[in-house]
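Data block below; observations after.
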Amino acid sequence: MRISVPATSANLGPGFDCLGLAVSLKNQVVIRPSKFHSVSLKGEGANNPALKDNNMFISIFNDFYHNLSNKKRFFRFEFFNEIPLSRGLGSSSAVIVSAIASAYAIEGIELERDKLLNLALAYESHPDNITPAVMGGFNVATVQDNEVKYINKHMPRSLKAVIVVPNRPISTQLSRKTLPFKYSKEDTVFNISHSSLLTAAFMSENWEMLKYASQDMVHQKYRMKHMPELFDVQKTALKNGALMSTLSGSGSTLFSIAYNQEANKLEQALKAKFPHFRVFTLDFDNQGVKIEI
Ligand SMILES: Nc1ncnc2c1ncn2[C@@H]1O[C@H](COP(=O)(O)OP(=O)(O)O)[C@@H](O)[C@H]1O
Ligand SMILES: N[C@@H](CCOP(=O)(O)O)C(=O)O
């Protein structure tokens, strides 16, 4: 069985903990019954011994598999990771979503996407990464009565994501602790109005509105000041054709959207100015989690 899950970019500026979309970097895992437990890891995290000895995917998979099945079986797990770890591209959501989905699939139990999303919520309480990881596309999501309520929309082929991935990881959990405990009425109103405008821009495909609507007062400046070069990445992106440029999740990746015909110029400008960072041009993913039996 093979399962793949896309990377995600959460917040999109003002939509803290509620807006997110999926891009075409993917983590894949192939799982086969085996005489003994074994793991192989390729791509992102392959040199990280913790991912072999204490792998979050395997522990979530085992929790679900043992609850669903009475059998004692061993598996071989082959991971092919494209999603950089702890760079604000939803690597932990991808692991959570794929581990739950594959435990059900290997037992031959059908799992609806909505149910998968709500099971994933127990491991990641903010829904802005898990929703696009499951559904693909652009998503507006909130949690009410322990359930994710969301609206999803496909992203068009006429746009690309251009991402700048710094070498430094940022733990989402630690980064959340650096944010203010309280916000002023002005900052709150600023973010409600910008997040609403941004949602309307995505839903109505009014791409020229993105640069106004994607401004934020509640998290980016607090997070980006720990890596001030990110302000320069954002400025360079906006000067070179980006329709919007925002911190991806809790960072350290900077995420930009550009028209197809502008994306190459944007990628080259970012590569030239930030040669020590990785720059990728990606399509958007409209499929979300994908299982092949
Ligand atoms: N491919 C992977 N395999 C196993 N665990 C992973 C993988 N990717 C991420 N993780 C786990 O998720 C953690 C990163 O989560 P987090 O700080 O939320 O970053 P991100 O912004 O990438 O989601 C890692 O420290 C690791 O424990
Ligand atoms: N809304 C969350 C999103 C975290 O995304 P990640 O990809 O960095 O895990 C936040 O801003 O903390």
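Residue numbers run from 1 in the order of the sequence given. Atoms considered below: every heavy atom in the structure, side chains included; atoms not considered: hydrogens, waters and symmetry mates.
The main-chain N or O of Asp17 is found under 3.5 Å from a side-chain atom of Asn11 such that the two form a donor-acceptor pair. Remark: side-chain polar atoms of Asn118 are paired, donor with acceptor, to backbone N or O of Asp114 under 3.5 angstrom. Put simply, the side chain of Asn139 never gets that close to the backbone of Leu21: no donor and acceptor are under 3.5 Å apart. The main-chain N or O of Gly136 is never found under 3.5 Å from a side-chain atom of Asn286 such that the two would form a donor-acceptor pair. Checking side-chain atoms of Ser86 against main-chain N and O of Pro169 turns up no donor-acceptor pair under 3.5 Å. Remark: side-chain polar atoms of Asn55 are paired, donor with acceptor, to backbone N or O of Phe57 under 3.5 angstrom. The main-chain N or O of Ile192 is never found under 3.5 Å from a side-chain atom of Ser195 such that the two would form a donor-acceptor pair. In this structure a side-chain-to-backbone donor-acceptor pair under 3.5 Å is missing from Ser175 to Ser171.
Other cluster members for Val30: Phe80, joined by side-chain heavy-atom distances under 4.5 Å among Ile, Leu, Val, Met, Phe, Trp and Tyr.
Residue-environment remark: NZ (Lys235) stays at or below the threshold of 12 foreign heavy atoms within 6.0 Å. By the 6.0 Å contact criterion, CG on Asn146 is open, its count of non-hydrogen atoms from other residues, nucleotides or ligands being 12 or less. Within a 6.0 Å radius of CG in Leu179, more than 12 heavy atoms belonging to other residues, nucleotides or ligands are found. The neighbour count for Lys271 NZ, taken as heavy atoms of other residues, nucleotides or ligands under 6.0 Å away, is above 12. Crowding of Lys290 atom NZ: a count of heavy atoms from other residues, nucleotides or ligands under 6.0 Å not exceeding 12.
Residues Val218 and Leu12 do not share a hydrophobic cluster, clusters being chains of Ile/Leu/Val/Met/Phe/Trp/Tyr side chains in contact below 4.5 Å. The same ILVMFWY cluster, assembled from side-chain heavy atoms under 4.5 Å apart, contains both Phe61 and Val97. Hydrophobic clustering keeps Ile130 apart from Phe284 (ILVMFWY residues linked when any side-chain heavy atoms are closer than 4.5 Å, directly or through intermediates). Linking Ile, Leu, Val, Met, Phe, Trp and Tyr residues whenever their side-chain heavy atoms come within less than 4.5 Å places Val29 and Val134 in a single cluster. Val165 and Leu247 fall into different hydrophobic clusters, where Ile, Leu, Val, Met, Phe, Trp and Tyr side chains are chained together by heavy-atom contacts under 4.5 Å.
Legend: residues meeting side chain to side chain donor-acceptor pair (under 3.5 Å) with Glu78, ordered by chain and number and at least two apart, are Arg32, Arg76. With sequence neighbours excluded, the residues forming a side chain to side chain contact (heavy atoms under 4.5 Å, CB included) with His226 are Arg168, Thr178, listed by chain and number. Residues passing the side chain to side chain contact (heavy atoms under 4.5 Å, CB included) test with Ala105 are Met1, Ile291, Ile293, sequence neighbours excluded.
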Margin query: Would Tyr104 and Tyr65 count as a side-chain contact (heavy atoms from CB on, under 4.5 Å) here? Give the steps.
Written below: CA-CA 7 Å; Tyr104 275 79; Tyr65 182 73; over 6 Å; no

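Between Val143 and Ser125 the shortest heavy-atom distance is CG2-O, 3.9 Å. Contact between Met217 and Tyr222 at its shortest, heavy atoms only, is O-CE1, 3.8 Å. The minimum heavy-atom distance linking Glu124 with Ser92 is given by the pair OE1-OG, 3.2 Å. Of all the heavy atoms in Ala10 and Asp128, the pair that sits closest is CB-OD2, 3.3 Å. When every heavy atom of Ala22 is checked against every heavy atom of Pro6, the shortest pair comes out as CB-CG, 3.9 Å.
Each salt bridge (charged side-chain N to carboxylate O under 4.0 Å, His left out) pair with one or both residues in residues 215-224, not counting sequence neighbours, would appear here, but there are none.
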Please set out all donor-acceptor pairs under 3.5 angstrom arising from side-chain atoms of residues 253-261, sequence neighbours excluded.
from: Thr253; atom 1: OG1; to: Arg87; atom 2: O; distance (Å): 2.8
from: Ser256; atom 1: OG; to: Ser245; atom 2: OG; distance (Å): 3.1
from: Tyr259; atom 1: OH; to: Glu208; atom 2: OE2; distance (Å): 2.5
from: Asn260; atom 1: ND2; to: Arg157; atom 2: O; distance (Å): 2.8

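Within the model, atoms CZ of Phe231 and CD of Gln220 stand 8.5 Å from one another, a figure rounded to the nearest 0.5 Å. Here the CG atom belonging to Leu117 is positioned 10.0 Å from the OG atom belonging to Ser93, to the nearest 0.5 angstrom.
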